[in-house]
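Report on the structure given below.
Proteins get letters first, then strands, A, B, ... in listed order; numbering begins at 1 in each. The structure presented is a predicted model; accordingly, all values stated were derived computationally and were not measured.
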2 protein chains.
Amino acid sequence: MSTVTAESRPYHHGDLSRALVDAARKILETEGPAALSLRAVAREAGVSPAAPYHHFKDKAELLEAVAHEGWHELDLALSAARASTDDARARISNLGVAYVCFARDNPALYRVMYDRSRDKDALPDQLKDDGAYCQVRDTINENSGGHVSDIDLELATIAAWCAGHGLAEMIGFKQFATLKAQLGGEEAFLRAVFEHLGMFAKFTAPKD
Amino acid sequence: MSTVTAESRPYHHGDLSRALVDAARKILETEGPAALSLRAVAREAGVSPAAPYHHFKDKAELLEAVAHEGWHELDLALSAARASTDDARARISNLGVAYVCFARDNPALYRVMYDRSRDKDALPDQLKDDGAYCQVRDTINENSGGHVSDIDLELATIAAWCAGHGLAEMIGFKQFATLKAQLGGEEAFLRAVFEHLGMFAKFTAPKD
DNA sequence: GCGCCAATCTGAACGACGTCAAGATAATCT
DNA sequence: AGATTATCTTGACGTCGTTCAGATTGGCGC
């Protein structure tokens, strides 16, 4: 019998994979992405620098696991935001705010998520299989009353995602500080930016 | 008399700073951002690994110089795009396309530019002092007939910038390949995404 | 219950990295 | 010309990602 509480009960350490991912996330939160070395993760987990190689082929593969958790948590955050609003018109905007707030509250994690994506030149498939991407798409679809073509829906989702990501990466930039203050806080700033996205648009969504 | 052709004619090497930045950019183009080590840059420039420290206090400071050049070239690219269109209505969309195309054509450089910005939590001041940011703002201003408040103009510029940046970071993602093909090419895809940005908007810009 | 096998971990090592200090070299200043 | 100062080299330190040989240990067949 093993003393491990979790369901998978491996050998010496007791689910080292799990411990490594947790250690990585702890380092990310407390010391930032620059301090996230494989050796530091092993140190934090109390194992030798070579131990992780029995669970991940690479440093990249460990980061992939961390990113995977991040995407899942983003998924949860968007679900919560979506459920918390009755007004279909407001949902899409709340989703955007929730997305950016997730990035603001987990900056290191968010960075790992996109660094990994850019290295692979692809977002994780996770997103399309009932993940965060679907939530955005479905919300847009509801908001347009359902009578929008598949291709328009896809394009609108991509557009929303890009705007959200861009804002998420820049939300902490010092240049926006005075504007945030003028508008009465960060969330108000976020909503204001989203509402000014129309200058490119021929196709303006709330057409109904 | 010195045999150096450039105007500034320093000591042993002959403008090593310049040579280092050029070497860095060459490595970026040919081997990608992962291969961009200070030692590799020094090697490429034909000097010892410690030589760069007489011209840049850090690896970060070298990258800053590289990024600075990148922002300037982005500036030129946007100028060209802006000048190439008579129709004020089309200018803003052309600017967006030009922005993303710059990122697509200089992916490693673009990455260095934003990596440095995120490390400093700020875009370079360069942008606001008659740089690329101003071009976007002025173009939006022209496009709105000039009767838009300062704060709305600022917010619209930020919104456009975020959307452009988000799209720039994801334009190469494999998930978009089929959609690009369906729409008849990358540029058509870009325009289509931009035109679908309206779903967030209460304030739709081409109001006149 | 015992021995074997395979999975798991350690220890030491390699090459590459960023950075620094000490010394050599060469351009500039007086 | 001689002193000064900026520039570059050499060598070193600590850290990193990764590999490999060997030690450890749990699970499985007998």
Side-chain angles (χ1 to χ4, degrees), chain A residues 1-24 27-28 30-67 108 112 115-116 119-120, chain B residues 1-24 26-28 30-67 108 112 115-116 119:
Chain A
M1 166 191 145
S2 150
T3 59
V4 183
T5 57
E7 63 287 359
S8 84
R9 118 216 85 103
Y11 299 77
H12 303 66
H13 179 281
D15 210 346
L16 182 56
S17 321
R18 184 64 270 148
L20 288 171
V21 173
D22 289 343
I27 293 175
L28 268 185
T30 59
E31 310 179 57
L36 190 67
S37 67
L38 236 198
R39 293 178 106 104
V41 172
R43 226 175 291 140
E44 172 75 29
V47 295
S48 87
Y53 286 88
H54 293 268
H55 301 267
F56 303 98
K57 99 177 207 303
D58 255 336
K59 180 184 183 184
E61 203 172 276
L62 208 204
L63 295 189
E64 192 94 47
V66 173
V112 169
D115 280 350
R116 282 307 301 149
D119 282 349
K120 294 184 310 179
Chain B
M1 167 193 145
S2 148
T3 58
V4 183
T5 57
E7 64 285 358
S8 84
R9 125 218 79 108
Y11 301 77
H12 303 64
H13 179 281
D15 208 346
L16 182 56
S17 323
R18 186 62 269 151
L20 288 171
V21 173
D22 289 344
K26 181 170 179 185
I27 293 175
L28 268 185
T30 58
E31 310 180 57
L36 189 66
S37 68
L38 238 196
R39 294 179 105 105
V41 171
R43 224 175 294 140
E44 173 74 29
V47 295
S48 85
Y53 285 89
H54 294 269
H55 301 267
F56 303 97
K57 100 178 206 301
D58 256 340
K59 180 184 184 184
E61 204 171 275
L62 207 203
L63 295 189
E64 194 93 48
V66 173
V112 169
D115 280 350
R116 284 305 303 148
D119 282 349

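If you take NE2 of B/His54 and C1' of D/dT10, they are 12 Å apart, rounded to a whole angstrom. Rounded to an integer number of Å, the gap from A/Leu20 CG to D/dG17 C1' is 15 Å.
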So which protein N/O to nucleotides 17-19 of chain C N/O distances come out below 3.5 Å?
| unit_1 | atom_1 | unit_2 | atom_2 | d |
| --- | --- | --- | --- | --- |
| C/dC17 | OP1 | B/Ser37 | OG | 3.0 |
| C/dC17 | OP2 | B/Arg43 | NH2 | 2.6 |
| C/dG18 | OP1 | B/Leu38 | N | 2.8 |
| C/dG18 | OP1 | B/Lys59 | NZ | 3.2 |
| C/dG18 | OP2 | B/Leu38 | N | 3.0 |
| C/dG18 | OP2 | B/Arg39 | N | 3.0 |
| C/dG18 | N7 | B/Arg39 | NH1 | 2.4 |
| C/dG18 | O6 | B/Arg39 | NH1 | 2.9 |
| C/dT19 | OP1 | B/Asp58 | OD1 | 3.1 |
| C/dT19 | OP2 | B/Tyr53 | OH | 2.8 |
| C/dT19 | OP2 | B/Lys59 | N | 3.1 |
| C/dT19 | O5' | B/Tyr53 | OH | 3.0 |

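Atoms CZ and OG, from A/Arg39 and A/Ser48 in turn, are 9.0 Å apart once rounded to the nearest 0.5 Å.
For the pair A/Glu44/A/Val41, no side-chain contact is recorded, criterion being any heavy-atom separation below 4.5 Å from C-beta on. Between A/Leu63 and A/Leu36, the closest side-chain pair of non-hydrogen atoms falls below 4.5 Å.
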Intermediate values then yes/no, salt bridge (charged side-chain N to carboxylate O under 4.0 Å, His left out), B/Lys26 and B/Asp22: CA-CA 6 Å; B/Lys26 181 170 179 185; B/Asp22 289 344; over 6 Å; no

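Annotation for B/Pro49 and B/Ala42: closest pair CA-CB, 4.0 Å, computed over non-hydrogen atoms.
Note on A/His55: every side-chain N or O is 4.0 Å or more away from OP1 and OP2 of C/dA7.
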